[in-house]
Amino acid sequence: MTAVARLRSCVLCAVLAFLVLPAAAAQAADTAAAPSEPASRSEPAQTPSEDAVRTNAFSFTYKLGRNTGTGFEPFRNTAQYLITYDTADAAFRTGWQQTEETFDFTADGVWWWYSNPTRKGYVRQFGLGGLYHYFLWHKMSAANDFQAGVFMKVQPFKYLIIDGDLDVQLKLEQVFAIKRTTPWLKNWNPALRLRLTAVPVPALNLYFETASYEYFRYMLFFSPAYTFGGMYTWSNGIYAGCELTARYTDQFTMSAYFDCAEARAFIGCRF
């Protein structure tokens with residue numbers, strides 16, 4: 001078997017495992033006894049009973065961050081603006097990030113081709129999605145990132161939500177100093193993300209995420225980011241929280257090292 005054939009087989013097995021295993025966990029959860037109250041969904045927290053009444057919702061989030069300045073990022077302070085529109089069968093999000101030296105814009109969407117809560121009212125969704133990201137480092141470089149893949153969100157237990165995606169990524173980067181001889185640098189990469197969200201009470205979400213990319217950051221595989229965070233949602237739809245991200249470079253090699261860390265605080269409203 002050639003190396004290309006082995007790679008295709010590995011990707012196919014990963015996709016099948018990504019789709020089948022969470023579904024099996026959600027199906028097993030279906031057979032348990034119904035809980036006394038429904039669990040909430042992640043970011044922002046929302047119970048399944050609220051979904052039945054309000055399937056279409058906008059949310060706006062404002063984030064402020066501070067970077068350690070020890071790694072790839074040429075900045076210390078970040079400001080992020082995110083707008084999200086959720087429906088029963090799809091979700092759309094766009095936003096931008098501004099720093100001292102860079103500008104990012106991202107837009108993405110997910111179509112939930114299978115969206116069927118369990119008998120206990122727990123979340124169970126599988127779909128397809130894609131995104132576009134533009135990065136500008138003033139006077140240095142620009143990049144266009146395209147990504148598409150499969151998405152899932154399941155709630156196997158009352159207090160746990162699992163969501164993530166497995167994608168193919170195309171990175172087109174232009175370095176201004178060499179653009180006459182080399183207009184674009186092109187790279188194909190796999191990309192993945194997995195988030196575990198604990199819901200101890202309906203208004204509180206605590207989450208851990210590991211991913212090869214972030215919403216405004218797309219590195220070559222595999223330079224992962226690990227994020228710990230929490231968010232509280234009030235009854236009027238306002239939510240607030242904070243998160244800490246640690247970033248590593250070349251973690252699959254012997255030369256892996258800690259890149260940087262970033263702390264963020266955010267506030268938003270869902271209506």
Side-chain angles (χ1 to χ4, degrees), residues 38-67 73 75-100 102-112 115 123 125 127 129-136 145 147 151 153 155 161 163-165 193 195 197-199 201-209 211 213-218 225 227-245 262-271:
S40 63
R41 299 178 65 176
S42 62
E43 195 177 342
Q46 186 177 358
T47 63
S49 60
E50 289 173 333
D51 281 341
V53 177
R54 185 178 59 187
T55 56
N56 300 340
F58 279 100
S59 64
F60 176 78
T61 307
Y62 174 60
K63 293 187 177 184
L64 279 177
R66 176 72 173 176
N67 193 286
E73 275 69 22
F75 53 81
R76 297 295 300 275
N77 302 303
T78 65
Q80 299 179 4
Y81 307 84
L82 297 167
I83 301 171
T84 303
Y85 179 61
D86 289 309
T87 72
D89 300 316
F92 306 94
R93 179 173 53 168
T94 188
W96 63 96
Q97 174 180 264
Q98 186 71 51
T99 76
E100 300 98 314
T102 65
F103 172 80
D104 294 82
F105 169 81
T106 306
D108 71 330
V110 179
W111 169 56
W112 299 114
S115 183
V123 179
Q125 295 177 307
L131 66 79
Y132 167 73
H133 168 249
Y134 174 75
F135 168 77
L136 175 64
D145 299 295
Q147 202 164 285
F151 288 69
K153 179 185 288 186
Q155 189 176 3
I161 299 173
D163 70 276
D165 51 90
R193 179 187 63 88
R195 172 179 285 208
T197 302
V199 191
V201 294
L204 178 64
N205 285 3
L206 303 173
Y207 53 87
F208 167 74
E209 179 178 284
Y213 71 94
E214 298 172 64
Y215 198 64
F216 295 110
R217 188 176 188 264
Y218 297 80
T227 300
F228 299 86
M231 181 183 67
Y232 187 85
T233 303
W234 286 270
S235 58
N236 58 3
I238 295 176
Y239 53 90
C242 59
E243 56 191 20
L244 176 65
T245 298
E262 185 169 310
R264 292 179 292 269
F266 60 89
I267 188 170
C269 182
R270 185 180 181 94
F271 51 91

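When reading the values below, keep in mind they use all heavy atoms of this one structure, side chains included, and skip hydrogens, waters and symmetry mates.
- In this structure, CZ in Phe228 is found 12.0 Å from CG in Leu206, a value given to the nearest 0.5 Å.
- Tyr239 pairs in a side chain to side chain donor-acceptor pair (under 3.5 Å) with only one of the listed residues (Thr61, Asn205, Thr233), which is Thr61.
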**Request:** Apply the test side chain to side chain contact (heavy atoms under 4.5 Å, CB included) to residues Asp86 and Arg270: give CA-CA distance (whole Å), side-chain angles for both, the deciding distance (0.1 Å), then the verdict.
**Result:** CA-CA 10 Å; Asp86 289 309; Arg270 185 180 181 94; 3.3 Å; yes

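- A donor-acceptor pair under 3.5 Å is formed between the side chain of Thr106 and the backbone N or O of Tyr215.
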**Item:** Candidate pair Thr78 and Lys63, rule side chain to side chain contact (heavy atoms under 4.5 Å, CB included), full reasoning
**Value:** CA-CA 8 Å; Thr78 65; Lys63 293 187 177 184; over 6 Å; no

**Request:** Test side chain to side chain contact (heavy atoms under 4.5 Å, CB included) on Asp163 and Arg193 and set out the steps.
**Result:** CA-CA 8 Å; Asp163 70 276; Arg193 179 187 63 88; 2.9 Å; yes

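- Taking 4.5 Å as the limit, some side-chain heavy atom of Asn77 sits within range of a side-chain heavy atom of Arg66.
- Between the side chain of Glu209 and the main chain of Arg195, no donor-acceptor pair closer than 3.5 Å is present.
- Tyr85 meets the side chain to side chain contact (heavy atoms under 4.5 Å, CB included) test with Asn56, Phe58, Thr87, Phe92; sequence neighbours excluded.
- Separation of the Trp96 and Tyr81 ring centroids falls under the 6.0 Å cut-off.
- Taking the six-membered ring where the residue is Trp, the centroids of Tyr213 and Tyr218 are separated by under 6.0 Å.
- The structure places CG of Asp145 at 8.0 Å from CG of Leu131, a figure rounded to the nearest 0.5 Å.
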